[in-house]
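Reviewing the structure listed below.
Basis for what follows: all heavy atoms, side chains included, without hydrogens, waters or symmetry-related copies. Proteins get letters first, then strands, A, B, ... in listed order; numbering begins at 1 in each.
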4 protein chains.
Amino acid sequence: MIIIDYKDRRPIYEQVVERFQELILKGVLEPDSQLPSVRNLAMDLSINPNTIQRAYAELERQGYIYSVKGKGSFISDNNHLVQCKKDEILLEVLQLVKEAKEIGITKEIFLSKVNEGFEEEGKDD
Amino acid sequence: MIIIDYKDRRPIYEQVVERFQELILKGVLEPDSQLPSVRNLAMDLSINPNTIQRAYAELERQGYIYSVKGKGSFISDNNHLVQCKKDEILLEVLQLVKEAKEIGITKEIFLSKVNEGFEEEGKDD
Amino acid sequence: MIIIDYKDRRPIYEQVVERFQELILKGVLEPDSQLPSVRNLAMDLSINPNTIQRAYAELERQGYIYSVKGKGSFISDNNHLVQCKKDEILLEVLQLVKEAKEIGITKEIFLSKVNEGFEEEGKDD
Amino acid sequence: MIIIDYKDRRPIYEQVVERFQELILKGVLEPDSQLPSVRNLAMDLSINPNTIQRAYAELERQGYIYSVKGKGSFISDNNHLVQCKKDEILLEVLQLVKEAKEIGITKEIFLSKVNEGFEEEGKDD
DNA sequence: GTGGTCTAGACCACT
DNA sequence: GTGGTCTAGACCACA
């Protein structure tokens, strides 16, 4: 479920965080379900427990999960987070359009690429 | 022309590289014109010459500039670069559409944001 | 009567302690009345009896309850406790004023906030 | 300038964070001035550099400082932070008033304590 | 068993 | 020199 790419320049804990964000936002991990324990996941991925701990701490800070000492870590309710993520993506759209305009990409070319993206309906990995 | 933001978390050399890329791609810096010398630019920006050296090396590696021993560094022809950048942006469009679809943003909402971006015609900083 | 918030970062036993303190200080639980048994309360809240045990021990240590071997735990007389709590709150007032002064909150602003708080007469949850 | 209290139940990194917040909010540490390096401060306090690193990371996350790789950590502009802190304190005032009312502290007693706090004019440690 | 903190020591990227 | 990441291993609080 979680894959570490050692060639990736980003730190491991960040990759773990991002992967969980994806799984949570897509609803693969349901609210209040339990995450693997810090130690278990660390063993599975053959990385240090502290690294997982850091990833979980970051996810908790961002509101994706909540942790209870002695019990474990659990998925938060994701309604609010999904809305935030949507807003974030739409903001990126604006920035990308701006960049595109500056370098001379026409609205037609841009839109055709957007359509191309939306066409691939089944491929929702 | 170049502004360093020390509060930006990215390394300084990367900020310098990005700024030059922008200026070159937009055609502000014309092909074959000379860049400021490493030492001068370092003094102007009050940063370490090594940092500028590294930025120039990176720009050369990416084909944005070329250096002539004993003469200095010069802007490369940007036709090819502009095309690369366009392709890069269109690829980003596809990726963004993919992300948007996965989180449940409809094509309508996405397109309306794209239009909003293209509407702001005057604001081409 | 007791609600556990698992998303609360504080340990469960602490939440139980605090809730009982509230109920005792407000007089909802009358002096010498009996508390639910450790086992029963643990079952009701679906938590570990050890956790309740710890909460009761803490409440006894602080003088909120007393336990009789073989009979159970009982609410202490709350007169003295109420006075302690009042002193405690007034001490917090002093500390808060100190903090406020240091950061530049004027007496006027502070007092208006205090009045605002005392105005809301009905909302005594 | 920074004192660690080992009897304090809170983690060391949190004590460091809080102390710096105080110094920054009070304006003792001026914007853009440099903090001691992670290693130096760790040596001075005889604690592990990682602990200081964590404190600095937390301060950066909260916007109190900004760090530049290879250069050091610096104080952020604190105007915004002061306002946030003021709002936070005024909210605490409301909560304290609520608690006070519930336990039977009269407005008169509360206000006299507030006045007592504001009277001690010189003692601004 | 769980999460959370801390230490000691290493390595990397950046200036 | 600086900050940032990671590992290995320890200890604590909590359930």
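- For the 3.5 Å distance criterion, the side chains of B/Asn48 and B/Tyr13 fail to qualify, holding no donor opposite an acceptor.
- Bracketed by its first and final contacts, the part of DNA chain F lying under 4.0 Å from non-hydrogen atoms of chain C reaches from F/dC14 to F/dA15 in 5' to 3' order.
- Side-chain contact, B/Ser73 with B/Ser67: no donor N or O sits under 3.5 Å from an acceptor N or O.
- Across all non-hydrogen atoms, the minimal contact from A/Gln15 to A/Arg10 is NE2-O, 3.3 Å.
- Residues B/Arg10 and D/Pro49 each lie close to DNA chain E; by heavy-atom proximity, the contact nearer the 5' end of the strand is made by D/Pro49.
- Nearest-nucleotide positions on DNA chain F for C/Glu14 and A/Tyr13 put A/Tyr13 closer to the 5' end.
- With hydrogens and angles ignored, the 3.5 Å screen pairs no side-chain donor or acceptor of C/Gln21 with any backbone N or O of C/Tyr64.
- Annotation for D/Lys86 and C/Ile103: closest pair CE-O, 3.5 Å, computed over non-hydrogen atoms.
- Atom CZ of B/Arg9 is separated from atom C1' of E/dT15 by 17 Å (rounded to the nearest Å).
- With pairs defined as Watson-Crick or G-U wobble and both atom distances under 3.5 Å, the stems of at least three pairs that touch DNA chain E come out as E:1-14 with F:1-14.
- In this structure, the separation between CD1 on C/Ile65 and CG on C/Leu29 is 10.5 Å, given to the nearest 0.5 Å.
- For the pair A/Glu58 and A/Arg54, the salt-bridge criterion is not met [side-chain N within less than 4.0 Å of a carboxylate O].
- Distance, D/Phe74 CZ to E/dT15 C1': 11 Å, rounded to whole Å.
- Both B/Asn50 and D/Arg54 lie close to DNA chain E; mapped to their nearest nucleotides by heavy-atom distance, the more 5′-ward contact belongs to D/Arg54.
- If you check the side chains of A/Asp87 and A/Gln83, you find a donor sitting under 3.5 Å from an acceptor.
- Between A/Ile47 and D/Gln34, it is D/Gln34 whose nearest contact on DNA chain F lies nearer the 5' terminus.
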